[in-house]
Participant: 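Encoded as structure tokens, here's the structure I'll be asking about.
First listed ligand is number 1; within each ligand, the first listed atom is number 1. Just so we're clear, the structure is a prediction, and the values are computed from it rather than from any experiment.
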Amino acid sequence: MDTHVVFGTGQVGTALAGHLAGLGISVRAVSRHRPAGRPGIDWRAADATDPEAAADAAKGASVIYQCLNAPYTQWPERFPPLQRGVLAAAERTGALLVTLENLYGYGPTGGRAIREDLPLAATTVKGRTRAAMTAELLAAAEAGRVRVAIGRASDFFGPAVTEGSTLGMRVFGNALAGRRADFIGDPGLPHTYSYVPDIAAGLATLGTDPRAAGQVWHLPGPATGTTRALVDLLADQVGHRVGVRSVPKLVVRALSLANPLMRELAEMSYQFEEPFVLDTSKYESVFGAAGTPLADAVAATLAWYRTQASAS
Ligand SMILES: NC(=O)c1ccc[n+]([C@@H]2O[C@H](COP(=O)([O-])OP(=O)(O)OC[C@H]3O[C@@H](n4cnc5c(N)ncnc54)[C@H](OP(=O)(O)O)[C@@H]3O)[C@@H](O)[C@H]2O)c1
């Protein structure tokens with residue numbers, strides 16, 4: 001039986017491993033720290049920056065997924081070595097490598113819809129890091145060392161997505177607690193938010209459909225609207241008004257002088273100062289329409305937040 005190996009047991013890696021297991025695929029998850037037990041999913045400890053350890057953890061894989069992440073304030077130093085270890089593992093096993101990327105590599109588009117054929121013209125530190133990582137992958141594929149399929153998604157939300165997202169605790173948690181949603185930028189602009197279960201389903205398609213290899217794919221999710229419309233939908237579902245506290249850019253910049261995380265958020269604030277719309281038509285024209293309706297995605301996310309609130 002084919003074994004699919006998922007590097008990363010975080011927000012996406014966990015959802016992906018569960019999705020693959022649900023498809024009846026034998027799954028092994030890899031990270032440094034043991035995640036909470038998940039029936040049907042084997043887990044192996046390995047430091048992905050060690051190519052030997054990564055290759056050993058991926059032994060027997062027909063597909064490897066890269067769903068790792070580095071600390072947000074240390075991307076240039078810490079993220080490329082993670083991917084290099086997984087790339088080495090894919091080269092040694094001969095497995096197809098499916099990687100998940102965000103949209104930082106494109107840089108500002110002036111509000112144009114983001115398609116796969118846009119250049120990677122990032123102007124930020126994290127965006128240039130991401131673009132350089134993509135270039136490394138594509139160079140390895142071009143040289144015939146590995147087969148790669150790249151999936152890209154926008155800022156995501158979903159069950160168990162809390163701190164590492166603009167649509168996490170500060171929006172869903174605050175709304176449930178009767179507080180305003182905290183947000184950077186203009187909530188009146190269209191902004192694509194991806195939904196983690198949809199990302200998992202999209203990556204699984206890239207790992208199982210032979211048409212995916214050798215290309216970049218934007219993964220479908222709920223339909224795009226404005227952030228304010230999403231918050232209004234959330235308000236309908238929590239049953240009370242949810243205000244939006246939009247932190248002005250100048251305040252973000254001032255805070256970033258003393259706070260490294262704010263500095264990292266500040267360089268990405270362009271995403272919320274122009275329309276930020278992910279075009280997923282390429283994926284849908286090949287693999288079929290996909291993506292959870294926004295109201296259902298918000299309801300499932302809220303249901304998870306409710307279980308957390310009642311457990312605490
Ligand atoms: N946040 C968003 O809105 C968004 C949107 C689109 C795409 N993305 C992208 O999606 C990808 C996955 O992000 P995520 O939020 O799911 O990540 P995450 O929740 O931060 O999880 C990262 C995982 O990487 C593992 N890891 C870190 N260092 C490791 C090492 N040296 N060896 C082995 N495992 C290691 C961690 O486990 P251990 O610490 O136990 O090792 C953890 O399981 C990233 O590329 C991210 O940029 C994010």
Side-chain angles (χ1 to χ4, degrees), residues 5-19 28-36 38 41 43-58 64-75 77-89 98-106 114 122 124 126-127 129-131 133-134 137 150-172 184 191-200 202-203 216-221 227 261 264-265 268 271-272 276 278 280 301:
V5 173
V6 179
F7 279 84
T9 55
Q11 306 182 93
V12 176
T14 297
L16 173 60
H19 186 89
R28 186 185 312 143
V30 181
S31 57
R32 291 167 303 176
H33 309 98
R34 181 181 283 280
R38 286 159 304 154
I41 296 165
W43 172 80
R44 196 73 57 85
D47 184 337
T49 60
D50 175 349
E52 299 294 331
D56 196 47
I64 293 175
Y65 301 85
Q66 197 276 88
C67 298
L68 298 167
N69 208 350
Y72 205 56
T73 52
Q74 296 176 303
W75 270 33
E77 314 86 88
R78 307 258 315 255
F79 211 167
L82 285 176
Q83 180 169 279
R84 279 180 205 133
V86 180
L87 179 57
V98 177
T99 60
L100 173 62
E101 298 184 347
N102 60 10
L103 308 179
Y104 288 7
Y106 291 113
I114 303 168
T124 59
K126 288 187 295 301
T129 301
R130 177 65 87 182
M133 288 169 65
T134 308
L137 278 183
I150 297 176
R152 292 194 183 131
S154 191
D155 304 303
F156 59 55
F157 69 104
V161 174
T162 53
E163 298 304 334
S165 160
T166 48
L167 268 196
M169 190 59 90
R170 285 180 302 278
V171 173
F172 281 87
I184 292 175
H191 191 102
T192 298
Y193 291 101
S194 299
Y195 180 52
V196 165
D198 290 337
I199 297 176
L203 291 173
V216 175
W217 303 92
H218 286 171
L219 306 176
T227 299
L261 184 59
E264 298 305 331
L265 292 172
M268 301 316 304
Q271 297 185 131
F272 302 94
F276 194 76
L278 184 66
T280 59
T301 306

Participant: Measuring from each atom of ligand 1, which residues have a heavy atom under 4.0 Å away?
Facilitator: G8, T9, G10, Q11, V12, S31, R32, H33, A46, D47, A48, C67, L68, N69, W75, F79, L82, L100, E101, N102, R130, A153, S154, D155, F156, G164
Participant: For A122, what residues pass the side-chain contact (heavy atoms from CB on, under 4.5 Å) criterion, not counting sequence neighbours?
Facilitator: R128
Participant: So does L203 get a backbone contact from the side chain of H19, meaning a donor-acceptor N/O pair under 3.5 Å?
Facilitator: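 Not a single qualifying donor-acceptor pair exists.
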Participant: With side-chain hydrogen bond (donor to acceptor under 3.5 Å, both in side chains) as the rule and sequence neighbours excluded, what pairs involving residues 151-166 come up?
Facilitator: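 Every side-chain hydrogen bond (donor to acceptor under 3.5 Å, both in side chains) pair that includes a residue of residues 151-166, provided the two are not neighbours, is E101-R152, Y106-R152, D155-H191.
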Participant: Students often mix this up, so state it plainly: with edges at 30° and 60°, are the rings of F172 and F157 parallel, tilted or perpendicular?
Facilitator: parallel
Participant: Run the ring-ring contact (aromatic ring centres under 6.0 Å, His included) test against Y104 and tell me which residues pass, sequence neighbours left out.
Facilitator: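 Testing Y104 for ring-ring contact (aromatic ring centres under 6.0 Å, His included), a comparison that skips the adjacent residues, returns W75.
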Participant: Any donor and acceptor pair, going by atom type alone, linking the side chain of R28 with main-chain N or O of A57 inside 3.5 Å?
Facilitator: yes
